[in-house]
Amino acid sequence: MSETIQGLKRSHYCGTLNKSHVGQEVTVMGWVYRRRDHGGVIFVDLRDREGLVQVVLNPDMGDEFFQKAETVRNEFVLAVVGKVRPRPEGSTNSNLKTGEIEIVAHELRILSTAKTTPFYITDDVDVDENIRLKYRYLDLRRPIMQKNLVLRHNTVKAIRDYFSDHGFLEIETPILTKSSPEGARDYLVPSRLKRGAFYALPQSPQLFKQLLMVAGYDRYFQVARCFRDEDLRADRQPEFTQLDAEMSFVEREDVLNIMEDMIAQVFKSALNMEIKTPFPRLSYQEAMDRFGVDKPDMRFGLELVDVSEEIKDSSFKVFAQIISQGGQVKGINAKGCGKFSRKDIDDLTKYVGIYGAKGLAYIIMTEDGIKSPIAKFFTEEQLNKIVSKMQGKSGDLLLFVADEPSVVAASLGHLRLELGKRLNLINEEELNFLWVVDFPLFEYDKEEKRWTAMHHPFTSPVEEDIPLMESDPGKVRARAYDMILNGVEIGGGSIRIHRRYVQEKMFEALGLSTDEAQEKFGYLMDAFEYGVPPHGGIAFGIDRLVMLMAKRNTIRDVIAFPKTQSAVDLMSQAPSEVSAKQLKELNIKVDNS
RNA sequence: GGAGCUGUGGUGUAGUGGCCUAACAUGCCUGCCUGUCACGCAGGAGAUCGCGAGUUCGACUCUCGUCAGCUCCGCCA
């Protein structure tokens, strides 16, 4: 039995009512959060997106009214007309924003009944994510989720306001685009009109925004949906939203300055938080050396210490050999962890194993000196040097990984984060912004045995490194930059190449012939023949940014309708099979072998 | 492609070879109850223990496979 809304107009959101409304006649509409039926009087907590208000349903409003009131259940949608009054002495509820008042209903309409929901619509339920995602519309009713999406709205609005106020134009770029072999795996869309041909969904608007620079729209931004057909993570969805921006006639500092100012403004508008600018800048090399990752979380210490020099002459063959083969030995001083059990250390060993470390050597610092299975390989002098370099004190646990630099960095970098979490060293209230700059322009692909672009092939090298592009590609620094917040990369970009001879050197270093470059990036290359301004830009991951702002652990909590780890939408069941007719129109046959 | 964790009434959990004819909380239904706010009280319904094989006299429990969710490695210019 559902009634119409006819003749009724909502006057207030439930959650906004307070003492100032006492005496007013109000009309509220919302969902039944909870009902308390006392036989005589029935209390209903009515919920809308602004919060809860208590509605009092009294039998003296008539039999018809009260019989209807008795049928009300959780999550029914009601319209209530009534008078706001202060709650009686002693029955106020300080846990509720609206706890000083209540609405005495004189008209009640059940706009919609509801089945019993599969889970309770409240913040403090820990329901299996399977069920949350299947009934996402119910999950999204929960106040915490509504808060997340409101924050997301406010964030995006602040972003749009900031860029508009600073002369940027929001310009849309195509969703159906050309597949490019570089980068992530493309999502493909078959063309009906051109048999056997496919569009690709954009991984980012990268080339289009550079073309907009060529076209003279010298400050561009876009809140752009991007698609990458790669495996998912807590902070990676197959479709995600980028804040994409590009500027002409700028150098690196111009981009960094305006972007950190923008972020500070966004935090101010959306969270009323003051962010100090400028952000600290760290070179890629320093980040790797000290933290083992290119997106360090600097809210705590436990930095990596290189002890290769101190260890190379020891009689510990395993370490000495690794060093002689170009490897290194680095360590972390896990302050105060000297009491870790054998099992604790085994767990950590297993943990670094994930990142390729073959072992985890350790030294326990005790009152009576050093306890360590590897101590016997070192002279007392060598041990003293290692301990002093790592500032080891009694009660500490020194942990070491010896391997090639990339493995040492990855394993100790992640071990550092794990220890930071376990030891509760991270202040969750702190916002640690920084820029990582001077990334390498190239990285070596061991499988393909060639240099590839670390960022993308249009990233400009640092001017004085250009001569190295031929002689020593690994040493060339890029004019690229990442913005890091609490150890999460929230944005990245670069100053682009705008000079032809640099671009040619770039393709040469990547092993691309002129013809190949023309085939892959022809339209951009053509455009660059017609007057291209120096330009650079950045793209932010809005999902990640909002996730951090909302203090959530996964971007799924700030995306209305996310997909599971196997890229399925449990609510709509996408992706799904399509009809034979649809396939035929597209000239597609499915190979089920 | 790989590793780990999880899967038991609607929901959250307990049960680790026979004591299970599966327990507890909550939700749901019925009745009572006029000041509750996690209302209360009484009663009731609700589960072939993710699915499929196997081991066993006997499997929620052990083994293998499989499916789903999560976390991670690879991947993500």
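Predicted, not measured: the structure shown is a model, and the values here were computed from it. First the proteins, then the strands, lettered A, B, ... as listed; each starts at 1.
- Taking atom P in both B/G9 and B/U61, one finds a spacing of 14 Å when rounded to whole Å.
- Counting atom types as modelled, A/Glu89 pairs no side-chain N or O with a base atom of B/G35 as donor and acceptor under 3.5 Å.
- Taking the charged nitrogens against the carboxylate oxygens, A/Lys295 and A/Glu489 have no contact shorter than 4.0 Å, which rules out a salt bridge.
- In this structure, B/A45 forms no base pair with any nucleotide, since neither Watson-Crick nor G-U wobble geometry is met with both distances under 3.5 Å.
- When both pairing distances are held under 3.5 Å, B/A68 makes a Watson-Crick or G-U pair with B/U6.
- Counting any heavy atom pair closer than 4.0 Å across all strands shown, A/Asp37 reaches a base atom.
- Among the candidates A/Arg141, A/Arg35, A/Lys115, the single residue satisfying the salt bridge (charged side-chain N to carboxylate O under 4.0 Å, His left out) test with A/Glu75 is A/Arg141.
- Using a 4.0 Å heavy-atom distance criterion, A/Arg233 is classed as a base contact.
- Looking at A/Arg34, its side chain has no donor and acceptor atom pair within 3.5 Å of the base of B/G27.
- Dashed line: the shortest gap from a side-chain N or O of A/Ser566 to OP1 or OP2 of B/G69 is under 4.0 Å.
- Atom P of B/C41 sits at a distance of 11 Å from the matching atom of B/G27, rounded to the whole Å.
- If you check every strand for non-hydrogen atoms under 4.0 Å, A/Arg85 touches a base.
- When heavy atoms are screened at a 4.0 angstrom cut-off, A/Glu102 is found touching base atoms of the nucleic acid.
- Taking side-chain N and O atoms only, A/Asn58 has no distance below 4.0 Å to OP1 or OP2 of B/G35.
- Nucleic acid contact class of A/Gln565 (heavy atoms, under 4.0 Å, all strands): base.
- With hydrogens and angles ignored, no donor-acceptor pair under 3.5 angstrom links the side chain of A/Asn130 to the base of B/G7.
- Across all strands, A/Arg87 comes closer than 4.0 Å to base atoms (heavy-atom distances).
- Contact annotation for A/Ile131: backbone-only contact, meaning every heavy-atom pair under 4.0 Å involves sugar-phosphate atoms and none involves a base.
- For the pair A/Arg132 and A/Asp126, the salt-bridge criterion is not met [side-chain N within less than 4.0 Å of a carboxylate O].
- Note on A/Asn93: a base of the nucleic acid sits closer than 4.0 angstrom, heavy atoms only.
- If you check distances only, the side chain of A/Arg36 never reaches the base of B/C33 with a donor-acceptor pair under 3.5 Å.
- Taking only side-chain nitrogens and oxygens, A/Thr116 never comes nearer than 4.0 Å to OP1 or OP2 of B/G10.
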_Applying ring-ring contact (aromatic ring centres under 6.0 Å, His included) to A/Phe227 and A/Phe240, what does each step give before you reach the verdict?_
CA-CA 7 Å; A/Phe227 307 85; A/Phe240 59 101; 8.1 Å; no

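- Within the nucleic acid shown, A/Pro118 comes within 4.0 Å of sugar-phosphate atoms alone, with no base atom in reach, counting heavy atoms only.
- Between the side chain of A/Arg132 and the base of B/G12 there is no donor-acceptor pair of N/O atoms closer than 3.5 Å.
- Taking 4.5 Å as the limit, every side-chain heavy atom of A/Ile559 sits out of range of all side-chain heavy atoms of A/Thr241.
- The residue A/Thr92 sits close to a base: some heavy atom pair falls under 4.0 Å.
- Taking a pair to require two hydrogen-bonding distances under 3.5 Å in either a Watson-Crick or a G-U wobble arrangement, B/U55 remains unpaired.
- Residue side chain A/Arg236 reaches the base of B/C76 through a donor-acceptor N/O pair under 3.5 Å, judged by distance alone.
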